[in-house]
Number of protein chains: 2
Amino acid sequence: MDIISVAIVEDNHDIRSAMELLINGSEGYACIGAFNNAENALEKIPQLLPNVVLMDFNLPGMNGIECITRLKGEYPDMQFMMLTVYEDDDKIFMALEAGASGYILKKTSPGELLDAIRDLHEGGSPMSSQIARRVVAYFQKQAKPNPALEALTSREKEILDQLSKGFLYKEIAGNLFISIETVRRHVHNIYEKLHVRSRTDAVNKYFNR
Amino acid sequence: MDIISVAIVEDNHDIRSAMELLINGSEGYACIGAFNNAENALEKIPQLLPNVVLMDFNLPGMNGIECITRLKGEYPDMQFMMLTVYEDDDKIFMALEAGASGYILKKTSPGELLDAIRDLHEGGSPMSSQIARRVVAYFQKQAKPNPALEALTSREKEILDQLSKGFLYKEIAGNLFISIETVRRHVHNIYEKLHVRSRTDAVNKYFNR
DNA sequence: AATGTCATAACACCAAAATGTTATAAAAAG
DNA sequence: CTTTTTATAACATTTTGGTGTTATGACATT
């Protein structure tokens, strides 16, 4: 069982100290750095190279998201756990996009926090199943295509797919072995059904944007 | 504590029976249907309206994904848990896109299965943190923009954003208070930097496709 | 048998986009 | 202080895209 090196970025002194104590007091874990703001963390973490960084969301000055973005860019293998009181979608997605792989709430018990750190280090993404549901919901939302596309015939969908890939009309005609005039015809019908007047708008609808 | 009604779709007789026994033998749970294929499930589940459906991936005839897609379309509040031996990305994403909210492995212990069912019923998305990591990774991958975009000046990014929204050159000129000739110039430079030769390709790069 | 939908095709017209060339002034970089 | 980058602008030419109209054969529905 190797020792997991951990750094903490958290502006509240009490919470920071408590976590530091917990981690250093537990076998298999070592807290090698604790910072009260993002700027200090950005300066020191490159020397410390911890396995796992626990990051608060709200920090004075630069916020935790920005801090993760910068560090993750330099050290892609470093693992980040967002540790926050917020459970709203925006914050969750911002953290994950920035490169956090774990997202747990501050109210999490000490034992669970340690488990989550180990889990993160071993390649998991610890998060409550409530938070997982938000992620899954986002996933599902952008998976389902625009219902307006259902009105298109299969040939029209095929044409639209070609349009979305940036082919010229004559290239589409060549690819599908039809005349360019037929392509025009289909495109016109597609535009009518989708209520758009340009290729870009049609493609945007195709990709649900 | 209300009773959670559960239906099982699983072709292996032993596993199906074992799960049925487990669920019916546990307080707070009731197995109100068990089917050995998707076709039977599709026929009976609309009458039973279970809270939760446990779905196997591989079934004879129609597969579990298709079965979820159809049921979820009709009964959006019904909760689906994928119960499988597979842990590969494709299968996970297919299940989630189809409308499954939980994804757990068959080797999960009886106690954990019951917990997962309750969790799912109460609005969570039970999944192992290994599986969560796959979902998060997918999320992160499509969040990071194409590095080629970094080569664009801020003005060019602004123009590209307008292009992506389907505005005509003259509309962009109006929106940004510049001449249409300048728009042309910028678009030309954008195309060069992104190595594309059409608006649609540029927009596709902009959206990382 | 009549009606509707779909995929195919042609022609004309105008609008819009892409290409090529040239140029100027401000700002940033060296 | 020169060089480079950036944002601005104009003009000519060619290619591509969008609209309107019309038409035909295959199939499916009524």
Side-chain angles (χ1 to χ4, degrees), chain A residues 62 66 70 73-74 144-209, chain B residues 66 70 73-74 145-209:
Chain A
M62 184 188 298
E66 178 64 22
R70 299 204 186 184
E74 287 293 305
K144 74 175 62 146
N146 193 318
L149 297 181
E150 300 309 311
L152 301 181
T153 67
S154 63
R155 193 57 157 176
E156 285 165 351
K157 285 181 201 164
E158 208 172 347
I159 301 273
L160 178 53
D161 187 66
Q162 296 270 312
L163 283 178
S164 77
K165 294 185 171 118
F167 290 118
L168 303 178
Y169 283 9
K170 67 175 173 190
E171 289 172 330
I172 298 175
N175 293 342
L176 303 184
F177 307 104
I178 56 179
S179 111
I180 195 171
E181 299 302 330
T182 306
V183 176
R184 272 194 225 284
R185 181 81 286 229
H186 284 307
V187 172
H188 188 257
N189 290 337
I190 291 167
Y191 286 6
E192 276 200 336
K193 288 184 182 176
L194 299 185
H195 308 295
V196 297
R197 15 197 63 257
S198 76
R199 181 184 185 126
T200 307
D201 286 339
V203 173
N204 279 344
K205 288 221 169 184
Y206 183 57
F207 287 119
N208 206 13
R209 251 187 288 90
Chain B
E66 178 64 22
R70 299 204 186 185
E74 287 292 306
N146 193 318
L149 297 181
E150 301 309 311
L152 301 182
T153 68
S154 63
R155 192 58 156 176
E156 286 165 350
K157 284 181 201 163
E158 209 173 346
I159 301 272
L160 179 52
D161 186 67
Q162 296 270 312
L163 285 177
S164 78
K165 293 185 171 120
F167 290 118
L168 302 178
Y169 285 7
K170 65 177 172 190
E171 289 172 329
I172 297 174
N175 293 343
L176 303 184
F177 307 106
I178 55 179
S179 109
I180 194 172
E181 299 301 331
T182 307
V183 176
R184 271 194 229 287
R185 178 81 283 210
H186 285 307
V187 172
H188 180 76
N189 291 338
I190 291 167
Y191 286 8
E192 276 201 336
K193 288 184 182 176
L194 299 185
H195 308 295
V196 298
R197 25 195 70 254
S198 77
R199 181 187 185 123
T200 307
D201 285 338
V203 172
N204 279 344
K205 289 222 168 180
Y206 183 57
F207 287 119
N208 204 17
R209 276 195 312 262

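Numbers restart at 1 for each chain; the letters A, B, ... are given by sequence-line order, proteins then strands. When reading the values below, keep in mind they use all heavy atoms of this one structure, side chains included, and skip hydrogens, waters and symmetry mates.
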**OP:** For A/Lys170, look at atom NZ and say whether over 12 heavy atoms of other residues, nucleotides or ligands are found less than 6.0 Å away.
**Re:** no
Subject >> Point-to-point distance, once rounded to the nearest 0.5 Å, from CD of B/Glu181 to OH of B/Tyr169 >> reply: 11.0 Å
Subject >> Nearest heavy atoms of B/Leu160 and B/Ile190, plus distance in Å >> reply: N-CD1, 4.0 Å
Subject >> Atom of A/Ser198, atom of B/Gly166 and distance for their closest heavy-atom approach >> reply: OG-O, 4.3 Å
Subject >> Candidates B/Lys165, B/Gln162, B/Glu158 - the one meeting side-chain hydrogen bond (donor to acceptor under 3.5 Å, both in side chains) with B/Asn175 >> reply: B/Gln162
**OP:** Between B/Ser154 and B/Arg184, just flag the one whose closest nucleotide in DNA chain D comes earlier from the 5' side.
**Re:** B/Ser154
Could you check if a side-chain atom of [X] sits within less than 4.5 angstrom of a side-chain atom of [Y], using non-hydrogen atoms only?
X	Y	value
B/Thr182	B/His186	yes
A/Ile178	A/Arg155	yes
A/Ile172	A/Ile159	yes
B/Phe207	B/Asn146	no

**OP:** Let me have a per-nucleotide readout for nucleotides 21-30 of chain D, 5' to 3', with B, S or -, counting only protein heavy atoms under 4.0 Å.
**Re:** BB--------
Subject >> salt bridge (Lys or Arg N to Asp or Glu O under 4.0 Å) contacts in which one or both residues fall within residues 190-208 of chain A, not counting sequence neighbours >> reply: A/Glu156-A/Lys193
Subject >> Contact boundaries on DNA chain C for chain B, cut-off under 4.0 Å to non-hydrogen atoms >> reply: C/dA16 to C/dT22
Original post:
Should A/Glu66 and A/Arg70 count as an ion pair when the cut-off is N to O under 4.0 Å?
Top reply: yes
**OP:** Apply the test side-chain contact (heavy atoms from CB on, under 4.5 Å) to residues B/Phe167 and A/Thr200: give CA-CA distance (whole Å), side-chain angles for both, the deciding distance (0.1 Å), then the verdict.
**Re:** CA-CA 9 Å; B/Phe167 290 118; A/Thr200 307; over 6 Å; no
Subject >> B/Asn204 (side chain) donor-acceptor with A/Ser164 (main chain) under 3.5 angstrom >> reply: yes
Subject >> Residue pair B/Asn189, B/Thr153: steps toward the side-chain contact (heavy atoms from CB on, under 4.5 Å) verdict >> reply: CA-CA 10 Å; B/Asn189 291 338; B/Thr153 68; over 6 Å; no
**OP:** May I ask you to list the residues of residues 190-209 of chain A, by number, that have any heavy atom positioned under 4.0 Å from an atom of DNA chain C?
**Re:** none
Original post:
Hey, can you pull the residues of residues 162-183 of chain B with a non-hydrogen atom under 4.0 angstrom from DNA chain C?
Top reply: B/Leu168, B/Tyr169, B/Lys170
Original post:
Expressed in angstrom and rounded to an integer, what is the separation of B/Asn189 atom CG from D/dA9 atom C1'?
Top reply: 13 Å
Original post:
What's the CD-C1' distance between B/Glu156 and D/dT5, to the nearest Å?
Top reply: 10 Å
Subject >> Derivation of the side-chain contact (heavy atoms from CB on, under 4.5 Å) call for A/Val203 and B/Val203 >> reply: CA-CA 10 Å; A/Val203 173; B/Val203 172; over 6 Å; no
**OP:** Determine to 10° how strongly the helix from C/dA1-D/dT30 to C/dG30-D/dC1 is bent, judged from the axes of its five-pair ends.
**Re:** 50°
